[in-house]
Amino acid sequence: QVQLVESGGGLVQPGGSLRLSCAASGFTLDRYTIRWFRQAPGKEREGVSCITSGGSTYYADSVKGRFTMSRDNAKNTVYLQMNSLKPEDTAVYYCARTPLIVCTYLARHFDYWGQGTQVTVSS
């Protein structure tokens with residue numbers, strides 16, 4: 001059964017940090033490009049970051065320098081380390097996979113999605 005399961009979300013104060021996990025099962029994660037998306041109430045879904053099967057990472061300008069994506073092949077898990085969090089980072093964060101070898105941002109290219117994990121940044 002192919003699954004992506006996010007965890008690690010929660011409530012954090014501005015300037016704080018969280019690490020999100022996306023655990024894959026039913027497939028070998030490093031064969032795919034994995035992207036983190038987020039969606040806040042009243043906003044469209046946006047791409048946050050991605051990692052290719054080759055290990056290259058990419059970030060949206062809004063999170064560049066604050067977020068870091070990584071992969072642990074032994075655990076078949078990808079991570080999103082989020083530092084210096086801002087209230088505008090508040091959203092449900094989703095991970096998704098695509099067989100493409102580039103970091104596409106088009107949702108239709110992603111065949112499996114996790115259920116999402118809530119991140120709330122508030123004082």
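Here the structure is a predicted model, which means the values were calculated and not measured.
- Nearest heavy atoms, Gly116 versus Glu6: N-OE1, 2.9 Å.
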Compile the donor-acceptor pairs under 3.5 Å between side chains in residues 47-61 and protein atoms, sequence neighbours left out, one pair per line.
{"residue": "Thr52", "atom": "OG1", "partner": "Gly54", "partner atom": "N", "Å": "3.3"}
{"residue": "Thr52", "atom": "OG1", "partner": "Gly55", "partner atom": "N", "Å": "3.4"}
{"residue": "Thr52", "atom": "OG1", "partner": "Ser56", "partner atom": "N", "Å": "3.2"}
{"residue": "Tyr59", "atom": "OH", "partner": "Met69", "partner atom": "N", "Å": "2.7"}
{"residue": "Asp61", "atom": "OD1", "partner": "Lys64", "partner atom": "NZ", "Å": "3.2"}

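- By the salt bridge (charged side-chain N to carboxylate O under 4.0 Å, His left out) test, Glu88 pairs with no residue at all, sequence neighbours left out.
- Atoms CZ and CD1, on Arg31 and Ile101 in that order, are 15.5 Å from each other to the nearest 0.5 Å.
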Between Trp36 and Tyr93, does the side-chain contact (heavy atoms from CB on, under 4.5 Å) criterion hold? Intermediate values first, please.
CA-CA 7 Å; Trp36 286 97; Tyr93 285 70; 4.2 Å; yes
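- Sorted by first and then second residue, the disulfide bond (SG atoms under 2.5 Å apart) pairs with a member in residues 58-94 form an empty list; sequence neighbours excluded.
- With sequence neighbours excluded, the residues satisfying side chain to side chain donor-acceptor pair (under 3.5 Å) with Glu46 are Arg38.
- Not counting sequence neighbours, the partners of Arg66 by the salt bridge (charged side-chain N to carboxylate O under 4.0 Å, His left out) test are Asp89.
- Hydrophobic clustering, defined by side-chain heavy atoms of Ile, Leu, Val, Met, Phe, Trp and Tyr closer than 4.5 Å, groups Tyr105 together with Leu106.
- Under the 4.5 Å side-chain contact rule for hydrophobic residues, Phe37 and Leu80 do not share a cluster.
- Arg71 has its side chain within reach of Leu29: a pair of non-hydrogen atoms, C-beta onward, lies under 4.5 Å apart.
- Phe67 is connected to Val78 through a chain of hydrophobic side-chain contacts under 4.5 Å among Ile, Leu, Val, Met, Phe, Trp and Tyr, so both are in one cluster.
- Cys103 has its side chain within reach of Arg35: a pair of non-hydrogen atoms, C-beta onward, lies under 4.5 Å apart.
- Judged as a side chain to side chain donor-acceptor pair (under 3.5 Å), and not counting sequence neighbours, the contacts of Thr120 are Gln118.
- The aromatic rings of Trp113 and Tyr94 lie perpendicular to each other, with more than 60° between the two planes, well past the 30° mark.
- Considering only residues two or more places apart in sequence or on other chains, Tyr79 meets the ring pair (Phe, Tyr, Trp, His ring centres under 6.0 Å) condition with none of them.
- The closest donor-acceptor contact from the side chain of Thr98 to the backbone of Thr33 lies at 3.5 Å or more, if one exists at all.
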Apply side-chain contact (heavy atoms from CB on, under 4.5 Å) to residues Gln13 and Ser122 and explain how you reach the verdict.
CA-CA 5 Å; Gln13 294 184 352; Ser122 176; over 6 Å; no
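- With sequence neighbours excluded, the residues satisfying side-chain contact (heavy atoms from CB on, under 4.5 Å) with Ser17 are Gln81, Asn83.
- Nearest approach of Pro14 to Ser123, heavy atoms of both residues: CD-N, 3.7 Å.
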Contacts under 3.5 angstrom, residues 18-28 side chains, donor-acceptor by atom type, not counting sequence neighbours:
none

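- Taking all atoms of both residues into account, the shortest heavy-atom contact from Gln115 to Leu4 is OE1-O, 3.7 Å.
- Looking at residues two or more places apart in sequence or on another chain, you find a side chain to side chain donor-acceptor pair (under 3.5 Å) between Tyr32 and Arg97.
- In this structure, Tyr112 OH and Cys95 SG are separated by 14.0 Å, a value rounded to the nearest 0.5 Å.
- For Asp72, there are no salt bridge (charged side-chain N to carboxylate O under 4.0 Å, His left out) partners, not counting sequence neighbours.
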